[in-house]
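This report refers to the structure that appears directly beneath it.
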Amino acid sequence: MKRFKIIDDGNLTRSIRIIFYAIGIGLGYVSLEYWHSTLIFTLGLFLAAIAGYSSRAAMLKIKPFDNLYHKARKNYKEKGDTEKDRVK
């Protein structure tokens, strides 16, 4: 059975971006035209913004939804180095 991926190579997949964008635009239209709900409009705007952000990141080959910074943080950490030592 093939597994459905949402995040691929640190970015949302193309199909998920299209779905988020379509749902966001649809919610925005329906909320302004029929329901007159600010909350639903805001949710639609948020989904469309996430899709746009992810599309631009994919175009520039940036990985906004990747968690490799954890590995980098461990590399720079020295023995006995804690947050309390750095904050003064």
Side-chain angles (χ1 to χ4, degrees):
M1 184 171 152
K2 189 173 180 181
R3 193 171 158 207
F4 185 71
K5 285 186 173 182
I6 294 175
I7 296 177
D8 185 33
D9 196 28
N11 204 344
L12 295 177
T13 60
R14 185 180 185 127
S15 59
I16 295 296
R17 288 193 306 257
I18 292 170
I19 289 169
F20 275 14
Y21 187 72
I23 290 173
I25 296 298
L27 283 176
Y29 176 75
V30 169
S31 69
L32 288 178
E33 194 66 30
Y34 301 108
W35 295 337
H36 305 292
S37 172
T38 306
L39 182 65
I40 301 298
F41 178 76
T42 306
L43 178 64
L45 187 64
F46 177 74
L47 285 175
I50 291 294
Y53 173 71
S54 180
S55 293
R56 288 185 182 197
M59 186 172 49
L60 296 172
K61 302 209 182 347
I62 299 172
K63 300 176 183 181
F65 302 109
D66 202 3
N67 61 357
L68 291 178
Y69 67 91
H70 290 295
K71 292 179 184 176
R73 189 181 300 169
K74 288 178 184 177
N75 288 343
Y76 290 115
K77 197 171 194 177
E78 297 174 0
K79 290 184 180 179
D81 187 23
T82 63
E83 288 288 327
K84 293 178 183 176
D85 296 338
R86 282 182 255 148
V87 179
K88 297 202 180 207

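A 4.5 Å side-chain heavy-atom check between T13 and I7 finds every atom pair outside the cut-off. Side-chain atoms of V30 and I40, non-hydrogen and from C-beta on, never get closer than 4.5 Å to each other. Annotation: side chain of N11 is not in contact with side chain of K63 (no heavy-atom distance under 4.5 Å). Under the 4.5 Å side-chain criterion, counting only non-hydrogen atoms from C-beta, F41 is not in contact with W35.
Under a hydrophobic-cluster definition in which Ile, Leu, Val, Met, Phe, Trp and Tyr are linked whenever side-chain heavy atoms come within less than 4.5 Å, directly or via other members, Y29 and Y21 are assigned to different clusters. In this structure, I23 is a member of the same hydrophobic cluster as I6, with clusters built from ILVMFWY side-chain heavy atoms closer than 4.5 Å. Hydrophobic cluster membership is shared by L47 and I16, with clusters built from Ile, Leu, Val, Met, Phe, Trp and Tyr side chains linked at under 4.5 angstrom. Both I19 and L43 sit in one connected hydrophobic cluster of ILVMFWY residues. Membership requires side-chain heavy atoms under 4.5 Å apart, directly or through other members. When hydrophobic clusters are built by joining Ile, Leu, Val, Met, Phe, Trp and Tyr residues whose side-chain heavy atoms come closer than 4.5 Å, directly or via intermediates, L27 is grouped together with Y34.
For the atom pair OG (S55) and CZ (F20), the distance works out to 11.5 Å, reported to the nearest 0.5 Å.
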Practice prompt. Check the pair L12, I50 against side chain to side chain contact (heavy atoms under 4.5 Å, CB included), reporting the backbone distance first and the verdict last.
Written response: CA-CA 9 Å; L12 295 177; I50 291 294; 4.0 Å; yes
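Formation of a donor-acceptor pair under 3.5 Å by the S54 side chain with backbone atoms of A51 is not found in this model.
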